Amino acid sequence: MWSEPGAVLAGGTIGVFCRCNSSTVRIQDLSMVNWLNYTVKTQPFDEFTIMFKKENVDMHFQVHWYCRYQKTEVSKYRVAIVPLIHIEELKCNFQPNETGLSCDFSEEGYAKYGGEKSYFLSVNQISRVHCLKKTLSTTIQCPSLPLNRTTNQYKLRIDMEYKGYNQKKEFQLGFKQVLAPEWPTGRLHISLDHTIHLWWSGTDYSAQNLEWRVWFLPRNPEIQKHFVQRKVRFSAVPMMKIYQLTSPSYAYQAYKMIISRRYPFWDSPWSSEIETPEFVTEAKLPDRPPDILPNGFFYDPKKQNLYVYWRQLDELKINGPNFTYYAITDRGKTAMILSNNSALFRNWDATDPSKVTVWSQNLKGRSIKSSDLQVPILTNSINQQPRNLWYHQDNHTITWLPPIDQDELIGYTVSWCSVSINSFQICDDHELIQFKVLDESQHQFQFKGPMVLPNVAVSANYIYSTSGGMQWISPRWMGHQEYIGTSELPLYIMFAVVALLVPMYFLFRKLRRMTQIEVDIPDILFKSMEPTSDPKSDPSFETVVPGNFPPKAVIDIAKLSAGTHVEPDPQVELNPYVRMDGVVPLKNRTYTQS
């Protein structure tokens with residue numbers, strides 16, 4: 001198989017041939033199929049050859065073709081199509097401090113055929129230079145050509161050589177279309193004072209009236225990179241050029257910039273890009289205070305502690321270092337900040353109402369605005385609190401009963417949060433506390449999923465008065481509220497089983513040790529068991545040996561002193577037993593004569 005021509009320009013005409021030089025083969029037995037295994041229509045070329053002709057070929061024609069004898073594949077051939085030259089994004093620049101013109105462009109299909117293509121650039125009929133693909137880029141770059149700077153018109157010609165074909169493309173550019181500003185040769189410095197100051201030591205011949213293109217690249221992934229293109233204020237001091245840019249809107253955030261410039265003509269080329277060192281925008285006061293939760297307080301009457309809860313600020317709004325919160329009452333009592341979402345007032349006076357005010361603050365100071373919370377008299381706060389909070393593990397639902405005081409009751413607020421590993425906190429501050437406001441008729445709330453170690457609170461909302469605060473379902477913060485939940489029943493059962501098994505275990509050990517005690521009974525205890533011929537003796541009377549129960553003590557009779565005298569009780573028969581607790585009965589005690 002072969003083709004004529006061997007390679008064809010896209011849009012041209014090509015013929016593909018199949019020949020079998022054998023007198024026994026007829027051309028009727030030959031056929032041709034494409035890469036999809038479809039038989040194409042051919043025509044006889046001579047008595048041994050068939051031909052497939054294609055006009056206006058495109059790039060998809062550059063695939064394999066197959067020649068068959070009857071149903072057997074005998075040969076294959078790959079047709080070569082030469083893509084037409086197609087130059088995109090041609091940019092040429094001529095910097096004032098240079099003596100040559102350099103260009104770069106991209107070309108459609110270069111990635112597919114780049115290994116076999118060759119590009120050349122010539123300007124104003126000056127000897128051409130070889131252009132090369134930039135590393136890790138799709139851009140083709142042509143080196144600088146020496147030119148006369150007084151030239152006002154530049155005639156560019158780009159040649160592409162591929163598969164023996166030479167194609168060319170010509171461009172006509174004016175002086176303004178190739179002249180690009182250079183960058184100062186000194187080192188770039190950045191300073192900030194509500195605006196960004198870029199300055200170089202040395203001179204900049206193209207300082208004023210330039211158009212700037214600036215990309216702001218933030219370190220924080222929550223901030224999108226953004227692009228500005230504007231005129232830049234310029235000021236000159238001895239041996240120094242200073243440019244002023246508007247600072248990004250986010251305070252105390254790290255950025256880099258990628259900057260290029262051009263002369264103020266719409267078709268002028270952009271200069272090369274420079275990347276600035278990283279800088280941090282100026283700090284300022286926090287944007288706003290935190291949002292206190294509805295009825296966002298919890299009172300522990302046993303410890304006289306009042307906890308206040310809010311939703312912390314997003315990182316992009318803290319605006320400065322040493323960020324924290326500040327909470328104080330209208331009576332001057334300051335809170336201890338527990339976390340980014342809670343504060344604690346110790347020794348809270350439940351007999352007086354008070355207003356709590358919370359600010360955000362950083363190194364620059366407090367936020368201009370604050371958030372307020374009215375805390376009522378809490379001596380009878382339980383009357384304004386939902387009752388019998390119950391978390392149902394089977395359907396992830398919390399239920400409750402209305403408070404005792406239902407006058408002016410308008411609804412409830414359900415709040416929930418993730419559990420903190422800090423024992424002084426209820427809520428973890430890595431996530432916002434969530435809440436949902438419900439109407440008066442709703443006495444339950446279903447969560448989207450299980451609440452592990454339920455950290456859920458419910459508060460009652462009144463139209464003209466303040467509620468008794470939040471009631472948390474959390475085993476660490478029971479206070480005076482009831483904590484009942486189906487999820488805790490297995491825990492109670494476990495404690496009951498442990499409480500029952502422990503004494504049984506020790507009793508079993510004790511009985512086992514008792515069965516291993518060996519009792520050594522002296523012979524004297526068995527004398528009363530010998531047969532007697534005394535007719536006066538009662539045959540039914542005999543000494544009982546304590547063999548059914550292990551004694552706690554054994555008295556060694558052989559060690560009794562010779563002067564021991566036993567005083568029998570005339571009212572009570574002499575008892576030969578030893579008590580199980582090891583104590584000799586009072587009537588049977590021995591006394592040593594002095």
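Heavy-atom basis, side chains included; hydrogens, waters and symmetry copies ignored. In this text, all values refer to a predicted model and were calculated from it rather than measured experimentally.
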Checklist entry - Looking at Leu306, Asn305, Asp300, which hits side-chain contact (heavy atoms from CB on, under 4.5 Å) with Leu344? => result Asn305
Checklist outcome for this item: Residues Ser381 and Gln385: closest non-hydrogen pair is O-CG, 3.2 Å
Checklist entry - Taking atom CG of Asp429 and atom OG of Ser339, what is their separation to the nearest 0.5 Å? => result 4.5 Å
Item to check | Flag for Ser354-Asp330: side-chain donor and acceptor within less than 3.5 Å | outcome: yes
Item to check | Gln442 side chain vs Asp439 backbone, donor-acceptor pair below 3.5 Å | outcome: yes
Next on the checklist: The criterion is side-chain contact (heavy atoms from CB on, under 4.5 Å); which residues satisfy it with Asp352, sequence neighbours excluded?
Outcome noted: Arg331, Asp349
Next on the checklist: Let's test your reading of the model: do Cys103 and Cys131 have SG atoms under 2.5 angstrom apart?
Outcome noted: no
Item to check | Reported CG-to-CG distance for the pair Asn341 and Leu313, which is rounded to 0.5 angstrom | outcome: 12.0 Å
Next on the checklist: If the threshold is 4.0 Å, N to carboxylate O, is there a salt bridge linking Glu278 and Arg219?
Outcome noted: yes
Item to check | Whether over 12 other heavy atoms sit under 6.0 Å from Lys231 NZ | outcome: yes
Checklist entry - Would Glu275 and Lys256 pass as an ion pair if we require N to O under 4.0 Å? => result yes
Checklist entry - Rounded to the nearest 0.5 Å, how far does CD1 of Ile259 lie from CD1 of Ile274? => result 5.0 Å
Next on the checklist: Tell me whether the rings of Trp390 and His392 are parallel (<30°), tilted (30 to 60°) or perpendicular (>60°).
Outcome noted: parallel
Next on the checklist: Check this for me: Gln224, atom CD, are more than 12 non-hydrogen atoms of other residues, nucleotides or ligands nearer than 6.0 Å?
Outcome noted: no
Item to check | Asn295 side chain near Ser467 side chain, heavy-atom distance below 4.5 Å | outcome: yes
Checklist entry - Are Pro403 and Asn383 close enough that some pair of their side-chain heavy atoms sits under 4.5 Å apart? => result no
Checklist entry - Is there a donor-acceptor pair under 3.5 Å between the side chain of Lys176 and the backbone N or O of Tyr263? => result no
Next on the checklist: Within this structure, what is the CZ-CD distance for the pair Phe94 and Glu182, rounded to the nearest 0.5 Å?
Outcome noted: 11.5 Å
Item to check | More than 12 heavy atoms from other groups under 6.0 Å of CD on Glu89 | outcome: no
Next on the checklist: Under a 3.5 Å threshold, yes or no: a donor from one side chain and an acceptor from the other, between Ser260 and Arg213?
Outcome noted: yes
Next on the checklist: Using the rule given for side chain to side chain contact (heavy atoms under 4.5 Å, CB included), can you reason through Leu316 versus Glu222, listing the C-alpha separation, both sets of side-chain angles and the distance that settles it, and then say yes or no?
Outcome noted: CA-CA 9 Å; Leu316 298 181; Glu222 295 183 9; 4.1 Å; yes
Next on the checklist: For a 4.5 angstrom cut-off between non-hydrogen side-chain atoms, does Asp407 reach Leu409?
Outcome noted: no
Next on the checklist: Can you tell me if Lys364 has over 12 outside heavy atoms packed within less than 6.0 Å of its NZ?
Outcome noted: no
Item to check | Leu173 side chain near Cys92 side chain, heavy-atom distance below 4.5 Å | outcome: yes
Checklist entry - What do the steps show when you test Leu210 against Val232 for side chain to side chain contact (heavy atoms under 4.5 Å, CB included), and what is the final call? => result CA-CA 7 Å; Leu210 293 179; Val232 175; over 6 Å; no
Checklist entry - Ring centroid separation for Tyr462 and Tyr464, is it under 6.0 angstrom? => result no
Next on the checklist: If the condition is side-chain contact (heavy atoms from CB on, under 4.5 Å), which residues does Asp428 pass it with, not counting sequence neighbours?
Outcome noted: Ser418, Ser420, His430
Checklist entry - Would you say the side chain of Phe227 lies within less than 4.5 Å of the side chain of Val214, judging by non-hydrogen atoms? => result no
Checklist entry - Any chance the side chains of Asn461 and Thr413 put a donor and an acceptor closer than 3.5 Å? => result yes
Next on the checklist: Test side chain to side chain contact (heavy atoms under 4.5 Å, CB included) on Ile223 and Gln253; report intermediate values, then the result.
Outcome noted: CA-CA 9 Å; Ile223 307 175; Gln253 293 292 325; 4.0 Å; yes
Next on the checklist: The criterion is ring-ring contact (aromatic ring centres under 6.0 Å, His included); which residues satisfy it with Tyr255, sequence neighbours excluded?
Outcome noted: none
Checklist entry - Between Trp183 and Trp212, how do the two ring planes meet: parallel, tilted or perpendicular, split at 30° and 60°? => result perpendicular
Checklist entry - Using 30° and 60° as the class limits, which term best fits the ring planes of Tyr412 and His443: parallel, tilted or perpendicular? => result perpendicular
Next on the checklist: Please report the interatomic distance OG1(Thr334) to CD1(Ile328), rounded to the nearest 0.5 Å.
Outcome noted: 4.0 Å
Next on the checklist: Between Asp267 and Gln177, does the side-chain hydrogen bond (donor to acceptor under 3.5 Å, both in side chains) criterion hold? Intermediate values first, please.
Outcome noted: CA-CA 5 Å; Asp267 53 354; Gln177 295 173 291; 3.3 Å; yes
Item to check | By salt bridge (charged side-chain N to carboxylate O under 4.0 Å, His left out) - contacts of Arg288 (at least two apart) | outcome: Asp291
Checklist entry - Trp270: what forms a ring-ring contact (aromatic ring centres under 6.0 Å, His included) with it, not counting sequence neighbours? => result none
Checklist entry - Just how far is it from atom CG of Asp372 to atom CD1 of Ile292, taken to the nearest 0.5 Å? => result 6.5 Å
Checklist entry - In this structure, are over 12 heavy atoms from other groups packed under 6.0 Å from Arg233 atom CZ? => result no
Next on the checklist: As a quick check of understanding, evaluate ring-ring contact (aromatic ring centres under 6.0 Å, His included) for Trp416 and Tyr391, giving each step before the final call.
Outcome noted: CA-CA 12 Å; Trp416 66 95; Tyr391 175 72; over 10 Å; no
Checklist entry - Are the aromatic ring centres of Tyr309 and Trp472 under 6.0 angstrom apart? => result yes
Checklist entry - Checking side-chain contact (heavy atoms from CB on, under 4.5 Å) against Asn340, which of Gln312, Arg311, Gln425 comes through? => result Gln312
Contacts table for residues 190-198: side-chain donor-acceptor under 3.5 angstrom, sequence neighbours left out:
residue, atom, partner, partner atom, Å
Thr195, OG1, His197, NE2, 3.1

Checklist entry - Phe216 and His226: aromatic ring centres closer than 6.0 Å? => result yes
Checklist entry - Are any non-hydrogen side-chain atoms of Ser102 and Asp104 less than 4.5 angstrom apart? => result no
Item to check | Any side-chain heavy-atom pair of Glu211 and Gln229 under 4.5 Å | outcome: yes
Item to check | Heavy-atom pair of closest approach, residues Phe445 and Lys436 | outcome: CE1-CG, 3.7 Å
Checklist entry - Between Ser367 and Leu285, is a side chain to side chain contact (heavy atoms under 4.5 Å, CB included) present by the stated rule, with each step listed? => result CA-CA 6 Å; Ser367 56; Leu285 293 178; 6.0 Å; no
Item to check | Among Asp287, Thr281, Asn362, side chain to side chain donor-acceptor pair (under 3.5 Å) partner for Asn319 | outcome: Asp287
Item to check | Qualifying residue, where the test is ring-ring contact (aromatic ring centres under 6.0 Å, His included) with Trp310 and the options are Phe297, Phe435, Tyr325 | outcome: Tyr325
Checklist entry - Just wondering, do Leu378 and Trp348 contact through their side chains at under 4.5 Å, heavy atoms? => result yes
